Amino acid sequence: MTDEKRDTPIDRKLLELLVCPLTKGPLTYDQQRSELISKSAHLAYPVRDGIPIMLPSEARTIED
């Protein structure tokens with residue numbers, strides 16, 4: 001992935017509205033990895049070109 005695509009910021013208003021599709025819990029944005037993190041589900045959802053991909057099948061599992 002190019003740095004240009006990775007650095008596309010996510011809209012802050014959108015981030016306030018989004019929740020984890022599995023747990024309905026809050027998400028935090030990891031700008032360096034361009035991911036939305038659900039700590040309760042232990043998943044990281046990718047953000048591509050500023051668009052969150054909120055599909056559990058597209059998320060990667062994260063460890064504490």
Side-chain angles (χ1 to χ4, degrees):
M1 181 174 289
T2 66
D3 287 338
E4 181 180 321
K5 287 185 180 183
R6 188 173 289 273
D7 289 340
T8 302
I10 188 168
D11 181 39
R12 293 289 174 197
K13 295 280 186 189
L14 178 61
L15 184 56
E16 291 173 12
L17 297 173
L18 291 175
V19 295
C20 174
L22 297 176
T23 67
K24 308 301 185 239
L27 298 167
T28 56
Y29 182 54
D30 180 347
Q31 186 173 2
Q32 187 174 18
R33 295 189 87 152
S34 193
E35 295 177 326
L36 290 172
I37 308 297
S38 171
K39 292 181 182 179
S40 56
H42 303 282
L43 292 173
Y45 297 95
V47 177
R48 298 184 187 128
D49 297 325
I51 301 169
I53 310 301
M54 302 302 296
L55 300 170
S57 61
E58 291 286 320
R60 70 176 182 85
T61 304
I62 55 174
E63 297 185 23
D64 289 331

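Every value quoted in this text rests on a predicted model; they were computed, and no experiment measured them. Below, all heavy atoms of this structure are taken into account, side chains as well, without hydrogens, waters or symmetry copies.
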Pairs meeting criterion side chain to side chain donor-acceptor pair (under 3.5 Å) with involvement of residues 50-60, two or more places apart: Glu35-Arg60, Arg48-Glu58
With side chains defined as the heavy atoms from C-beta onward, is the minimum distance between Leu18 and Tyr45 less than 4.5 Å? no
Residues in side chain to side chain contact (heavy atoms under 4.5 Å, CB included) contact with Ser40, at least two apart in sequence or another chain: Thr23, Ser38
Between Leu43 and Thr61, does the side-chain contact (heavy atoms from CB on, under 4.5 Å) criterion hold? Intermediate values first, please. CA-CA 5 Å; Leu43 292 173; Thr61 304; 4.1 Å; yes
Once you round to the nearest 0.5 Å, how far does CD1 of Ile10 lie from OH of Tyr29? 6.0 Å
Nearest atoms (heavy-atom pairs only) where Pro52 meets Leu36: CB-CD1, 3.6 Å
Would you please name every residue forming a side chain to side chain contact (heavy atoms under 4.5 Å, CB included) with Lys24, sequence neighbours left out? Val19
Considering only heavy atoms from C-beta outward, does the side chain of Arg33 approach that of Ile62 to under 4.5 Å? no
Closest approach of Ala44 to Ile37 (non-hydrogen atoms, all atoms of both residues): CB-CD1, 3.5 Å
